[in-house]
Amino acid sequence: MAGESSSFHLLDERIQRFIWQQGWEDLREAQELAVPLILPADQDVIIAAATAAGKTEAAFLPALTNLLHGSGEGLIVYISPLKALINDQFGRLDRLCEALDIKVWPWHGDITSGVKARFLKKPEGVLLITPESLEAMLCNRGTSIAAVFKEARFFVVDELHAFIGSERGKQLQSLMHRIDRAAGRRIPRIGLSATLGDMSLAGKFLRPGGAPALVESTSSGVEIKILVKGYEEPTAIKQVDGQEPDPVSPAQIAAHLFKVLRGSNNLVFPNSRREVERYTHILNELCEREQVPNEFWPHHGSLSKEIRSETEAALKQKERPATAICTNTLELGIDIGAVKSVGQIGPPPSVASLRQRLGRSGRREGEPAILRGYAVEDARSGLTSLKDRLRLDTLQMVAMISLLLEGWFEPPQVAGTHFSTLIQQLLSVIAQNGGASAKELFTLLCAPGSPFAGITSGEFLELLRHLGTKELILQESSGVLLHGPLGEKFVNHYTFYAAFASDEEFRIVAGGRTLGTLPVSQMLTAGQRILFAGKTWRVEEVDDAQKTIFVTRASGGVPPLFSGGPGRTHTRVRQRLRELLRGQEVPAFLDVTARKFLREARDEYERLDLDNKVTLDQGNEVMLLTWLGDAANEALACLFMRRGFTAMAAGPGVEVHKKAGGVQEVLDALGDFAVEDVPDLDFLLADAKNLAREKWDWALPDGLLRKAYASQYLDLAEAADWVKAVGQAQAGL
DNA sequence: GACCTGCTGCGGGATG
């Protein structure tokens, strides 16, 4: 290696020795490129590379060299979205750092206070921490923050894409910014990720207004093998007792999974926790019936840590093959080893998500990535919805796969005004500094280059005044802002540190063992039978005070409902879907039934003349077919609602309830929108209710809530463009 | 039909 690698020689001798001892043949491409960029610690860097292996080292080999060559003490702050990832990384880094005599400090909710106290006594080495724990540190140890981070050389943010666009991402930006300010200098930021489409957007996220150096590993193109199988669900006939019969396609899909997945490690994504339960149970029963050892394990966010660890351990060990039926809990970089194939039941939530999932397969040299898609459609019988007639689930899956193959996926949503997280950060800064003036707060959080830049001083003052009326803050006669009585209560409870909201939950306990949790909104009663953790149970007792549901093993049971909202579809996906409907080409990866679905959808598209028609009369409603993404369709629905219509975004378009004037009245409204100016948000959303989505939205003045909502959920500009284009086309007829 | 993530400080009692 020594002869070919120039970066290798830049590393500290002790690190070079460690690399030899590991028997690593040479530095990976990303490592080779990253070392000279990171070593001087004078700029931000983003490392985008296909596999998890190698990225951590690409950041840490030069960062640790910098630490070793520096003047004694120094600190690297690694920030992870998952505790599990911190535990994995601790195992890997501690081995390396032991040889270098550098301490590694894991810090999250499960780490004992003793470890944290020892770190704080001498804050040197590598700190592995979550955003929430960092928030707690700033809140509770405000006076010592400058000292703790005085010698911080780098922030390393793992799984950068998992933060972009969310409340947590905005919080993370704010935390790094506040630490920069406390330390009195710009601490270089290193972002690690596999899925970053537009690198300039990711760069803007890593540091607002920044432009980091980029390391993109041109990974050798892994071969992708794809098969999409169609399944026809017979029309349900109500049984004598009025109950819906069980659907038959899950049993058929499970039978196929059983046949093709046994003997190897795989991941299957059925898109919801409920379906994870359903499929795990069917597959477990199949193994039992065939008298073979069980190879199918459940994994989702409502299962207890113990049960999830069992599944992760089953995937990691090499003795027996194992397949996880899972949600996106297994999408991020937890170490589960390579898998042979990925199953996707129903359309994935996004192309980015599909890409991340498929990235778990084909990670060994010379092995392809294998994707099996399962598409279910209702059998045809008379009056079915447009979604059924156009086979939209199947077509959406095919559209997403075709975009994936082209290398496209949804860009990260860096924009968006996160007033909710601004409230959290205001309260946190007040805690950190024991009070602050309005001007100090605005300069720290909202000035150009700050995480909340773009918020005007007028909006900021409006927010502060409103927080005063909510008793979250109060102003001393000197002008200094402090916590109000309610603010004090919130900040002093540990739930304050997370920027995102969460449901209240019941624990499900069987014989003293916690199986997992269910949201309280999904009330269960004694005697009910449920399917949970892949097994069936009878509810014995519901303890409201202890928020616990006691269950015992029993036969029979249906999977419970969990809470959750739908994913959001991007305009590009809808447009690709329409291209598929218009086209003739039949992708080679479709099986006979999936081909049939595609043919039926194309026939229907032609029969309804959807290439030329914008409206479809559906009786009580008019369907406006925009073929735009959800954000534009929702904005269009808002325009109609403001005109007194009942309207909602529905798949590829907007469903508008007819009024007395029928279809023509809807078209007239559309014609008016085309020539009117785009309305402002206060007008458009004047009557809108229930806009609160994020944790602190309840404390926002109406105008700011409307702005926050619109910035994240509505694309008014795209809706207006569509309306204008359609209006012109109609005028030309 | 529809995801996921995370969490302090302190006091009391047991243990080495």
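Chain A is the first sequence line, chain B the second, and so forth, proteins listed ahead of strands; every chain is numbered from 1. Reckoned from all heavy atoms, side chains included, excluding hydrogens, waters and symmetry mates.
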Side-chain N,O ([X]) to OP1/OP2 ([N]) below 4.0 Å:
X      : N     : answer
A:S166 : B:dT5 : no
A:R274 : B:dG1 : yes
A:R168 : B:dC3 : no
A:R273 : B:dA2 : no
A:T327 : B:dC4 : yes

Among all residues two or more places apart in sequence or in another chain, which pass the ring-ring contact (aromatic ring centres under 6.0 Å, His included) test with A:Y709? A:Y713

For A:H570, give me all partners under ring-ring contact (aromatic ring centres under 6.0 Å, His included), at least two apart in sequence or on another chain. A:W408

Base, sugar-phosphate, or nothing: which does A:E135 touch, judged by heavy atoms less than 4.0 Å apart? nothing

Output all residues satisfying side-chain contact (heavy atoms from CB on, under 4.5 Å) with A:H281, sequence neighbours left out; order by chain, then residue number. A:E285, A:L531, A:T536

Listed by chain and number, what are the side-chain contact (heavy atoms from CB on, under 4.5 Å) partners of A:P123, not counting sequence neighbours? A:F119, A:V148

Students often mix this up, so state it plainly: with edges at 30° and 60°, are the rings of A:F562 and A:H300 parallel, tilted or perpendicular? perpendicular

Going by the rule side chain to side chain donor-acceptor pair (under 3.5 Å), which residues pair with A:T130 if we only count those two or more places apart in sequence or in a different chain? A:S133

Where protein sits on nucleotides 8-16 of chain B, one letter per nucleotide: B base, S sugar-phosphate only, - none, heavy atoms under 4.0 Å: BS-------

When rounded to whole Å, the CG to C1' distance for the pair A:D158 and B:dT5 reads 14 Å

Specify the separation, in whole Å, of atom CG of A:D503 and atom P of B:dC7. 19 Å

